[in-house]
Amino acid sequence: MLNSMPSSPRSGPSRTIHDAAPVRIAWTPSRLLLGALAGLTVAACVSILLSEAPLPAAAVGVLAVLAWSMRLLLTERRRKACDVVVDGQGRVFVDGERVDDPHLHWRGPLVRLDCRQGGRARMLMWWPDTLPAARRRELRLASAALVTPRTRDSMAP
């Protein structure tokens, strides 16, 4: 088939993953996540109060849940927005700095990036309110260039 013709007169050379333009995705804190955390806080407080725990123990439990939840909500709300760039060679940059060992995890409309930056583990999560479907598709296509290390076989040799 050395002399085969293209399938259509307009078809040209196919593009490879390495020819792809870099994809720039903005990460911002999610209001949906903050709302979910607040809802879980209310549910936890109500469940403690409705349990058969003595009132002093329930009050301490509710205060502990409220304190921890406020800390978590404030920490999540104060996180700085950043830019994530995935280039055609599978390299990932966060705010212009290359990250090591990037892994994208997909769970329906949720996308999580686990990586190491400056020796520290970092996790960014996009919720549906921060990453629309079109941008999610772009990220999925760009993530095909990410090289994932081969896992060890599960069977004994």
Side-chain angles (χ1 to χ4, degrees), residues 17-18 20-157:
I17 291 172
H18 300 293
V23 174
R24 182 179 303 273
I25 306 274
W27 179 89
T28 57
S30 171
R31 290 182 183 169
L32 208 67
L33 173 61
L34 296 175
L37 289 173
L40 286 172
T41 300
V42 171
C45 291
V46 169
S47 68
I48 290 172
L49 291 174
L50 295 177
S51 71
E52 293 183 9
L55 190 57
V60 169
V62 166
L63 289 176
V65 165
L66 288 174
W68 185 259
S69 297
M70 287 303 292
R71 178 189 175 279
L72 189 60
L73 284 166
L74 289 175
T75 300
E76 198 59 39
R77 186 171 177 231
R78 289 180 181 157
R79 286 181 72 177
K80 293 187 312 180
C82 60
D83 284 329
V84 177
V85 176
V86 180
D87 69 2
Q89 285 77 30
R91 295 179 301 216
V92 178
F93 299 88
V94 176
D95 283 340
E97 184 180 331
R98 185 173 176 181
V99 297
D100 299 320
D101 199 24
H103 294 283
L104 281 171
H105 304 276
W106 302 86
R107 294 288 182 259
L110 302 176
V111 182
R112 186 181 80 219
L113 171 67
D114 293 329
C115 60
R116 299 195 67 74
Q117 188 174 24
R120 298 183 66 192
R122 183 162 187 182
M123 192 227 10
L124 297 173
M125 189 150 191
W126 286 275
W127 284 65
D129 66 330
T130 60
L131 188 64
R135 301 295 290 167
R136 204 168 31 252
R137 278 191 296 276
E138 283 183 49
L139 185 58
R140 186 176 292 275
L141 290 172
S143 70
L146 291 177
V147 178
T148 57
R150 196 172 164 202
T151 58
R152 295 176 46 190
D153 294 333
S154 62
M155 294 179 57

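Please read all numbers here as calculations on a predicted model, not as lab measurements.
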Rounded distance (nearest 0.5 Å) linking atom [atom1] of [X] with atom [atom2] of [Y]:
{"X": "Met125", "Y": "Leu113", "atom1": "CE", "atom2": "CG", "result": "11.5 Å"}
{"X": "Arg116", "Y": "Arg98", "atom1": "CZ", "atom2": "CZ", "result": "15.0 Å"}
{"X": "Arg77", "Y": "Leu34", "atom1": "CZ", "atom2": "CG", "result": "7.5 Å"}
{"X": "Cys45", "Y": "Leu50", "atom1": "SG", "atom2": "CG", "result": "11.0 Å"}

Tell me whether [X] contacts the main-chain N or O of [Y] through its side chain, where contact means a donor paired with an acceptor under 3.5 Å.
{"X": "Asp129", "Y": "Arg31", "value": "yes"}
{"X": "Trp126", "Y": "Thr28", "value": "no"}
{"X": "Arg107", "Y": "Leu110", "value": "no"}
{"X": "Asp95", "Y": "Asp83", "value": "yes"}
{"X": "Arg136", "Y": "Leu131", "value": "yes"}
{"X": "Ser51", "Y": "Ile48", "value": "yes"}

Would you mind reporting whether [Y] and [X] have side-chain heavy atoms less than 4.5 Å apart?
{"X": "Leu104", "Y": "Ser143", "result": "yes"}
{"X": "Val85", "Y": "Val23", "result": "no"}
{"X": "Val92", "Y": "Val84", "result": "yes"}

Atom of [X], atom of [Y] and distance for their closest heavy-atom approach:
{"X": "Leu32", "Y": "Pro128", "result": "CD2-CD, 4.0 Å"}
{"X": "Thr130", "Y": "Pro29", "result": "CG2-O, 3.9 Å"}
{"X": "Arg79", "Y": "Met123", "result": "NH2-O, 2.8 Å"}

| query | Is the number of heavy atoms from other residues, nucleotides or ligands within 6.0 Å of CH2 (Trp106) greater than 12? | reply |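 More than 12 within 6.0 Å, yes.
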| message | Closer than 4.0 angstrom, basic N to acidic O: yes or no for Asp114 and Arg112? | response |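 Looking at Asp114 and Arg112, the cut-off is met.
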